[in-house]
Amino acid sequence: MSGIHAYYEPEELIGKTCIAITNLPPRAMMGIESCGMLISAVHKEGEEEKLHLLMVDPHIPAGAKLY
């Protein structure tokens with residue numbers, strides 16, 4: 001449950017490594033349990049809101065710790 005469909009199609013994210021916070025306390029969103037959060041940046045270009053998921057270099061493996 002990330003609410004990013006207006007900004008990304010699923011196939012655009014295949015093979016990408018996004019930054020996420022996991023193991024959050026469960027929270028119901030639209031009737032579905034969510035336990036994590038994708039980290040993104042939001043800004044405006046003119047009157048249009050843009051969202052960009054924060055992604056890491058492809059050489060960094062999934063699950064690497066961030067400091």
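Keep in mind it's a predicted model, so treat the numbers as computed, not measured.
Using a 4.5 Å cut-off between side-chain heavy atoms of Ile, Leu, Val, Met, Phe, Trp and Tyr, with links allowed through other members, Leu38 and Ile60 fall into different hydrophobic clusters. Residue Ile39 is not grouped with residue Ile4 when hydrophobic side chains (ILVMFWY) are merged at heavy-atom distances under 4.5 angstrom, including chains of intermediate members. Linking Ile, Leu, Val, Met, Phe, Trp and Tyr whenever their side-chain heavy atoms come within less than 4.5 Å leaves Val42 and Met37 in two separate clusters. Residues Met29 and Ile21 are members of separate hydrophobic clusters, defined by side-chain heavy-atom contacts under 4.5 angstrom among Ile, Leu, Val, Met, Phe, Trp and Tyr.
Of all non-hydrogen atoms in Leu53 and Tyr8, the two that sit nearest each other are N-OH, 3.0 Å.
Between the side chain of Glu48 and the main chain of Glu45, no donor-acceptor pair closer than 3.5 Å is present.
The number of heavy atoms from other shown groups lying within 6.0 Å of NE2 (His43) is above 12.
Once rounded to the nearest 0.5 Å, the distance linking CG of Leu54 with OG of Ser40 reads 6.5 Å.
Between Met55 and the choices Leu13, Ile19, Thr17, the side chain to side chain contact (heavy atoms under 4.5 Å, CB included) rule is met once, by Leu13.
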